[in-house]
Amino acid sequence: MSKETPTRNLALDLARVTESAALSAARWLGKGDKEAGDGAAVDAMRISFQSMEIRGTVVIGEGEKDEAPMLYNGEVVGTGNGPEMDIAVDPVEGTRLLAYGRPNAIATVAMAPRGSMFDPKPAFYMAKLAVPEAAKNVVDMDAPVADNLQKIAKALGKDVEDLTIFVLEKKRHEQLIADIRKAGARIQLQTDGDVFGALMAVNPGTDIDVLMGTGGSPEAVLAAAAVKTVGGELLVKYDPQSEEERKALEAAGVDMNRVLGVNELITSEDVFFAATGISEGTFLRGVQFTGKGAVTHTMVMRGKTGTVRYVESHHRFDKLMEISAINYDVEHE
């Protein structure tokens, strides 16, 4: 049987993009200015994309929901040479986490061949259910919470009481939290970061078994890139949080009862994903400044091979700034 010749792993190039964003954003840790931290990450990411040998188009840009700086939808990135790619970005997932010095802010990017990423249209929010590979065929987005948890627990060889569910601590989740508690499962409440939550749910060796709840629609597509690589499942469904959003979806002809799986969110197997820790985290360590440089920790994934890498990078700012327009060493201008 003939086999394909291995092609370039573009996820390793994406790692440089997320590293640059994390290094720039980390200077704003705990300074109370989420727009400045996000803006620094966006600027660094935009510059880093310039050296990638792709014809990239940003199809999932972050920022419209909260008026943050953004790599905008339709923006062209890369050198203009190489493959045509869809790009999904979240330069800082967890801008509040960064602004207040809290754990688990990350910089993240996903990439797939042109036309293979789902367009959520005018949706800002989607309900989500992420589970590891062992439970991917037993979940139902429209089933009661207790039923899903019982089936997930059985698939994972656990009792429901052993499960830990990642839920964003939002008012909209009061009933969900009550249902999970009634079923007997444990909950880890986080203020932000449902890409991070999905990563935790589908990767072995973490203390999270499931992600449940409503979060941003851009984050759904980003998370799908990672979930597709490791073999878990991410189910999503439109969940507008305002009448304005609902009317916009109706005007766009969106079927709000439709449930989408990971293979509909990203149709190609040739998907790439990278995430770099910004603030110290339970899953990815944050940026550690050393005086002359910094250390970063990045997760790099390639869907076609199913390869997941964890990369620890040691950066020297004097060397970096000889070849980069990004001023990483802002403390020593």
Side-chain angles (χ1 to χ4, degrees), residues 14-51 58 60-75 77 87-110 124 168-170 190-197 215-219 222 274-281 283-298 313 315-318 320-321 323-333:
L14 284 187
R16 299 185 184 96
V17 175
T18 57
E19 284 173 355
S20 69
L23 287 166
S24 297
R27 292 292 189 187
W28 294 93
L29 181 72
K31 295 185 178 180
D33 190 339
K34 70 174 188 175
E35 284 78 17
D38 204 15
V42 168
D43 291 344
M45 199 171 264
R46 183 174 278 124
I47 292 170
S48 296
F49 266 126
Q50 291 175 2
S51 64
V58 176
I60 303 292
E62 173 67 359
E64 291 180 356
K65 183 166 77 271
D66 54 6
E67 299 181 354
M70 64 187 298
L71 280 148
Y72 59 86
N73 288 358
E75 182 169 351
V77 298
I87 309 288
V89 301
D90 197 344
V92 179
E93 197 217 11
T95 52
R96 281 186 293 267
L97 301 178
L98 173 63
Y100 298 111
R102 295 171 182 157
N104 300 324
I106 61 174
T108 182
V109 176
F124 289 146
L168 292 178
E169 190 176 5
K170 308 291 183 182
Q190 297 281 349
T191 58
D192 300 272
D194 57 346
V195 173
F196 165 78
S217 56
E219 290 86 348
L222 273 160
T276 301
I278 302 174
S279 60
E280 192 67 14
F283 189 55
L284 282 172
R285 298 204 66 185
V287 175
Q288 301 160 285
F289 290 107
T290 63
K292 295 184 178 180
V295 181
T296 57
H297 297 84
T298 302
S313 301
H315 308 272
R316 280 185 54 179
F317 290 150
D318 58 341
L320 271 177
M321 289 189 296
I323 62 171
S324 175
I326 304 168
N327 183 13
Y328 294 110
D329 197 17
V330 294
E331 300 296 324
H332 300 93
E333 289 182 323

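Judged by distance alone, the side chain of T95 and the main-chain N or O of K34 form no donor-acceptor pair under 3.5 Å. A side-chain donor-acceptor contact under 3.5 Å links T108 to the backbone of A274. Using a distance-only test at 3.5 Å, with no hydrogens or angles considered, a donor-acceptor pair links the side chain of E93 to the main chain of F196. Of the possible donor and acceptor atoms, none in the side chain of E280 sits under 3.5 Å from a partner among the backbone N and O of P103. A donor-acceptor contact shorter than 3.5 Å is absent between the side chain of S313 and the backbone of T296.
Annotation: side-chain contact (heavy atoms from CB on, under 4.5 Å) contacts of L168 (sequence neighbours excluded): F166, K170, R172, H173, D194. By the side chain to side chain donor-acceptor pair (under 3.5 Å) test, S48 is found to be paired with S20, residues two or more places apart in sequence or in another chain being considered. T191 pairs by the side chain to side chain donor-acceptor pair (under 3.5 Å) definition with nothing, not counting sequence neighbours. Qualifying side-chain contact (heavy atoms from CB on, under 4.5 Å) partners for E75, counting only residues two or more places apart in sequence or in other chains: R46, V58, L71, Y72, V77. In terms of the side-chain contact (heavy atoms from CB on, under 4.5 Å) criterion, residue partners of R16 (sequence neighbours excluded) are, by chain and number, D13. Applying the side-chain contact (heavy atoms from CB on, under 4.5 Å) criterion to A21, with sequence neighbours excluded, gives A41, M45, A107.
A pairwise comparison of heavy atoms in L23 and A294 identifies CD2-CB, 3.5 Å as the closest pair. Contact detail for N73 and G61: the closest heavy-atom pair is OD1-N, 2.6 Å. Shortest non-hydrogen contact noted between S279 and A105 is OG-N, 2.9 Å. Smallest separation of non-hydrogen atoms from F283 and N104: N-OD1, 4.4 Å. Between G101 and L29 the shortest heavy-atom distance is CA-CD1, 3.6 Å. Nearest approach of P91 to V42, heavy atoms of both residues: CG-CG2, 3.6 Å.
Just one of L284, T276, I106 meets the side-chain contact (heavy atoms from CB on, under 4.5 Å) condition when paired with T298; it is T276.
Atom CG of L222 is separated from atom OG of S217 by 10.5 Å, given to the nearest 0.5 angstrom. The NZ atom of K292 sits 7.5 Å away from the CZ atom of R316 when rounded to the nearest 0.5 Å. Atoms CG and CD, on L14 and E19 in that order, are 11.0 Å from each other to the nearest 0.5 Å.
The 12-atom threshold is not exceeded at OH of Y100, counting heavy atoms of other residues, nucleotides or ligands nearer than 6.0 Å.
Contact of the W28 side chain with the V92 side chain is not registered, since no non-hydrogen atoms from C-beta on lie closer than 4.5 Å.
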